[in-house]
Amino acid sequence: MADDSDSVASSGMMSEDEMFASSSSASAGTCQGQPEQPSTSGMEAEEKPSFTCRKMKLKDEKTCGVCGDKALGYNFNAITCESCKAFFRRNALKDKSMVCLFDNKCVVDLRTRRFCPACRIRKCYSIGMNRDMILDDSERRKRMSKVMANRARKGSSTMLTSPIAVQIKSEVDTTDSVMIPQESFHHITEVTRPPTPYGKPHGNSSDIIFKHVPKESLPTDRNMYHQLSSTDKCLLSDITEAYRSTLAAMPEMGPYSIEKEYQKASDLINHSEVVVRKLIMFVKHLEDFKHLTQEDQIAALKACVMNTLLLRSALFYNIEKDAWLTPKGEIPTSILKNATGFVSLHNNHVYYCRRVKSMALEDLNLYALLQALIIFDPAGFNVTGREFISSIQDRYIILLKHYLESVFSYDYAKDYYVSALDRLCDLKVLSEEHAKILLQVNPVDVEPLMLEVLNLK
DNA sequence: ATAGCCTTGATG
DNA sequence: CATCAAGGCTAT
């Protein structure tokens with residue numbers, strides 16, 4: 001290969017002169033040893049300690065033909081450094097607007113290479129870099145699908161050891177549950193909304209609290225409301241029912257003492273495992289989820305775990321008590337502060353809960369929709385089928401819009417729609433903040449499923 | 001936009 | 001199994 005390209009390069013349209021005449025001998029392997037330190041680096045004295053050739057292989061210095069920086073090898077048919085490689089890849093295909101502000105004679109070296117892109121790209125070509133070696137769209141696609149196919153095959157063997165995959169595959173509903181929290185949540189259109197703005201106990205955080213449209217202000221004209229199609233209704237009630245089933249308590253968990261259970265950050269994480277199990281049960285009910293490849297299923301799950309926990313905490317949040325009313329009992333939000341030591345994190349989390357709760361109240365349809373949007377988030381790390389996931393998400397975004405229009409009329413749905421999407425934006429920041437908790441946790445204390453799902457280790 | 005670091009299929 | 005040379009990702 002090397003010989004091929006070499007001959008092509010030299011016999012081709014090269015104008016010899018500049019070329020990278022230096023260091024070509026290096027590849028010849030006969031490192032003309034440089035005695036240097038005879039001490040070498042100790043190590044075992046196997047085979048000819050007197051020859052220091054071995055070392056030279058690593059030191060072997062190639063220099064970038066463009067800027068003189070250290071080079072690792074050939075890039076697009078010339079020896080260049082990493083940065084000039086990236087520069088050429090970025091710019092070679094769209095060279096148009098590249099104009100030198102001077103005389104096309106700029107010096108390009110390690111320090112000046114940024115100054116004049118035009119001269120830099122010119123020099124790239126002059127040392128023989130070849131734009132044809134940059135993969136075009138179709139070639140790139142082909143390459144990517146090779147990788148994806150390979151990953152899928154590799155994945156299936158990894159699947160056997162992946163706790164997440166086991167959980168997805170498992171037919172048994174490990175979250176089989178008994179009790180339904182509070183007096184069950186409401187169905188479509190039968191959510192009770194307070195006539196006055198929600199809560200507002202001390203009036204201090206009114207900017208946090210969502211201002212509801214007073215019931216009497218809603219239009220009476222039927223035509224001002226969207227009528228959900230029957231397929232929309234089905235989809236919505238499907239996900240809402242699936243979401244509802246994730247809310248009940250795990251049967252085997254008895255009563256427990258909160259102070260004892262949430263002392264360390266790792267306790268927090270391990271207690272979240274139940275939620276992850278439920279999340280997996282939830283997604284298994286979604287037709288759309290089944291259409292993802294297994295690796296994307298896992299990637300999507302990993303990416304949305306933190307957001308899921310946060311959304312669910314908002315659902316269970318009670319503004320008056322400043323606590324989470326879970327099926328297992330009442331958990332004061334202060335455990336967050338105590339277990340992690342992050343005060344501002346606690347505050348932000350509580351604000352988030354108040355924001356969501358004051359807007360969505362107990363409307364499970366909304367929570368289920370938000371949960372769906374969270375799962376099918378194309379921004380998730382390591383998701384290979386981004387466009388596909390994005391197209392799934394589109395359906396739920398539209399469903400959300402229609403649903404709100406069916407409840408609040410075309411006039412007022414916007415406020416809710418904007419608020420809902422805004423809460424999703426909050427999640428990004430909040431979950432990143434929560435990720436800091438993970439850093440202070442000793443992986444040894446964490447359950448395997450959570451280890452995988454949170455990418456710990 | 002840049003540049004360093006990483007993953008990966010191909011090649012020998 | 002090591003090396004090469006593509007693209008991808010992401011902090012700056």
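These numbers come from the heavy atoms of this one structure, side chains and all, not from hydrogens, waters or symmetry mates. Chain letters run A, B, ... following the sequence lines, proteins first, then strands; residues in each count from 1.
Atom CD in A:Q167 sits 8.0 Å away from atom CE in A:M281 (nearest 0.5 Å).
Taking atom CZ of residue A:R111 and atom C1' of nucleotide B:dT2, one finds them 17 Å apart after rounding to whole Å. Between the CG atom of A:L72 and the P atom of B:dC6 there is a distance of 12 Å, rounded to whole Å.
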Could you go step by step and tell me if A:Y416 and A:H212 meet the ring-ring contact (aromatic ring centres under 6.0 Å, His included) rule? CA-CA 9 Å; A:Y416 290 85; A:H212 279 269; 5.6 Å; yes

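No hydrogens or angles were tested; on distance alone, a donor-acceptor pair under 3.5 Å links the side chain of A:R90 to the base of B:dA3. With hydrogens and angles ignored, a donor-acceptor pair under 3.5 angstrom links the side chain of A:K85 to the base of C:dG7.
Evaluation of the side-chain hydrogen bond (donor to acceptor under 3.5 Å, both in side chains) test over residues 444-453 of chain A, restricted to residues two or more places apart or in two chains, returns A:S162-A:E452.
Relative to the six-membered ring of A:F87, A:R113 misses at least one condition, a distance below 6.0 Å or an angle of at most 45° to the axis.
Listed by residue number, A:I134, A:L135, A:R140, A:R143 are the residues of residues 134-146 of chain A with a heavy-atom contact under 4.0 Å to DNA chain C. Looking at residues 427-436 of chain A, you'll see that no heavy atom sits under 4.0 Å from any atom of DNA chain C.
The backbone N or O of A:A92 lies less than 3.5 Å from a partner atom in the side chain of A:R131, making a donor-acceptor pair.
In this model, the phosphate group of C:dG7 is approached by a side-chain N or O of A:R89 to a distance below 4.0 Å at OP1 or OP2.
By the 30° and 60° cut-offs, the orientation of the rings of A:H349 relative to A:W324 is tilted.
For A:E82, the listed nucleotide lying nearest its side chain is B:dC6; candidates were B:dA3, B:dG9, B:dC6.
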